[in-house]
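First the structure, in the form of structure tokens, and then the observations on it.
Here is the naming used below: chain letters follow the sequence lines, and residue numbers restart at 1 for every chain.
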Protein chains: 2
Amino acid sequence: MTLAGHRQLTGAFSTEALCARILERHRDVVRVQKPRVAIANLARIIEATLKLSNRQGFHATSLRDLSEASGISMGGLYSCFDNKTTLLLMILGEVSATVSEVLGAPPEEVVASPSAHLRWLVDTHVRLTEAMQPWFAFAYMEAKSFPSNARRMAVDSEAATEEIFADVLRRGVANGDFEISDITLTASLIKPLLQDWYVKRAKYRRRNTTIAAYVDAVCAIVEAAVARRRASLPGVSLERLGPEWR
Amino acid sequence: MTLAGHRQLTGAFSTEALCARILERHRDVVRVQKPRVAIANLARIIEATLKLSNRQGFHATSLRDLSEASGISMGGLYSCFDNKTTLLLMILGEVSATVSEVLGAPPEEVVASPSAHLRWLVDTHVRLTEAMQPWFAFAYMEAKSFPSNARRMAVDSEAATEEIFADVLRRGVANGDFEISDITLTASLIKPLLQDWYVKRAKYRRRNTTIAAYVDAVCAIVEAAVARRRASLPGVSLERLGPEWR
DNA sequence: ATAATAAAAGCGAGCGCTCGCTCTAAAAAG
DNA sequence: CTTTTTAGAGCGAGCGCTCGCTTTTATTAT
């Protein structure tokens, strides 16, 4: 899946489109035969799961809650998955697959310049997580407290994203665009800047912060952090604190 | 409580010291009479709660698990709190009280200079969250999925911390040390840089990242982001992406 | 010192309830 | 008619929480 040419993310990342991909990945476990029915039911179930879980947590969301919120009976739920953990894995799997596919396919015109690539990564990451906000919030909050394979999936996915950033930083240092003392650590610190958009979405919505403003702010910080330093900056004192803090 | 003069955070932020403050705040609910006994039991209970909850989540940690891990019977648990939610609130309350007390009391020599104050805030925040790492990880992970008063507490605490940073940034802009286009947004983005240290502590431990290196990296990014810009930086291309992404 | 007594703390089986999950009878679709 | 889907009562396990009882600790009387 490539995103080039899509004017709107909402089409390519609609619940139905994502659930169609989930169905492909979990054919063996979904007992509903007709794909149309299966996708429609999965969509209602997952929409309800994301809504309830992002409010009260996945573990605290019972299958009876889920049944009522989705309008699908207990039996109906269990013809779409074999147990509650599988439902979790369906969502986590779709998130990590999508993020690696999207971020792993930068447009040609961008890969030539590390700084353009960096800006593209920030912009694309924020817009992707906006289009799939409940999915990302869910994956972020629930990954910790679940089975080891799910945790490994989350950690691996995070590490992969970080490595994409590290690669670009490395290339920027190599061609002289960037000046970075610790590439791994810098790449690590870019991630939380991006994650804040969907983890604390409610706060930014309350403040009417636009995506464009957020992307610009993150880009400004990242670009300042990786920029070649021309001379020591005036007005910023670098003196250390007393020894009791070190 | 002020921290000035403490060589080690470990003393002032030991589980016992924190539990003594929790006992003060929840005298009415703790049915154990003697403070020494109450504090000792609270310490064992909360240590077990943090350990188990940070592995599997608070909701998934049963009181039987907690009883076994702490070596205190079911009845014993319920003489230290009246219900499971209160146990959660005890921990969240202690975290938010501590962070506002510590960050709200900067040493005199620091408040004069916004850049020194900023550096002190970053350093102190990271070292405080290191000293109370399981507490902060718990508060961060569990605040979302719990009762509305607990959520409000967490949101308020976060907002207060952010406001402390925004104040310093504002003063730095006022006296000409800093140049910032959107102070609120910049303050918002400093927080996740600090939170990453305790939210993803395992990753940094695996990589042998030291606190000093982390603090320096965050300070470098923050200082670059707020620094007065002398001229447009070379080597960093700022061109925008195609219209399909905007 | 020792024994008697009162107060405090600790214990854990058991209560009512909800959980994840199953299964069969009925409805709907083809 | 056959096949597929749905409905929702029911199951055992495990939950948060309680309460009657035992053990420990502190105080007083001898």
Would you kindly say whether A:Thr86 and A:Asp82 are connected by a side-chain donor-acceptor distance under 3.5 Å?
-> yes
Flag for A:Trp197-A:Glu130: side-chain donor and acceptor within less than 3.5 Å = yes
Review item, nucleotides 9-15 of chain D N/O atoms under 3.5 Å of protein N/O:
from	atom 1	to	atom 2	distance (Å)
D:dG10	O6	A:Arg64	NH2	3.2

Give each protein N/O atom lying under 3.5 Å from an N/O atom of nucleotides 3-5 of chain D, with the pair distance.
from	atom 1	to	atom 2	distance (Å)
D:dT5	OP1	A:Gln33	N	3.0
D:dT5	OP1	A:Lys34	N	3.2
D:dT5	OP2	A:Gln33	N	3.0

Just how far, in rounded Å, is C1' of C:dC19 from CG of A:Asn83?
-> 14 Å
Tabulate atom names and distances for all N/O pairs under 3.5 angstrom spanning the protein and nucleotides 22-24 of chain D.
none

Distance under 6.0 Å and angle within 45° of ring axis: B:Lys84 vs B:Tyr78 | no
Would you say B:Asn149 and B:Met153 make side-chain contact, with heavy atoms under 4.5 Å?
-> no
Output for pair (A:Leu121 CG, A:Phe165 CZ), nearest 0.5 Å, gives 4.5 Å
To the nearest angstrom, the CG-P distance between A:Leu52 and C:dC19 comes to 12 Å
Is a salt bridge present between B:Glu162 and A:Lys200, judged by a nitrogen-to-oxygen distance below 4.0 Å?
-> no
B:Gln133 and B:Thr129 side chains, donor-acceptor separation under 3.5 Å | no
Return the value, rounded to whole Å, for the distance between atom CG of A:Leu87 and atom P of C:dG20.
-> 11 Å
Can a cation-pi geometry be assigned to A:Lys51 and A:Phe138, taking NZ or CZ under 6.0 Å from the six-membered ring centre and within 45° of the ring axis?
-> no
Charged N to carboxylate O under 4.0 angstrom, A:Glu101 versus A:Arg21?
-> yes
Between C:dG10 atom P and B:Arg36 atom CZ, what is the distance in whole Å?
-> 13 Å
Give a yes-or-no answer on whether the side chains of A:Asp196 and A:Tyr204 include a donor-acceptor pair shorter than 3.5 Å.
-> yes
Just how far, in rounded Å, is P of C:dC11 from CG of B:Leu66?
-> 14 Å
Once you round it to whole Å, what is the distance between C1' of C:dC23 and CG of A:Leu77?
-> 15 Å
Distance-only donor-acceptor check, side chains B:Ser53 and B:Glu142, under 3.5 Å | no
To the nearest Å, how far apart are B:Asp82 CG and D:dT18 P?
-> 9 Å
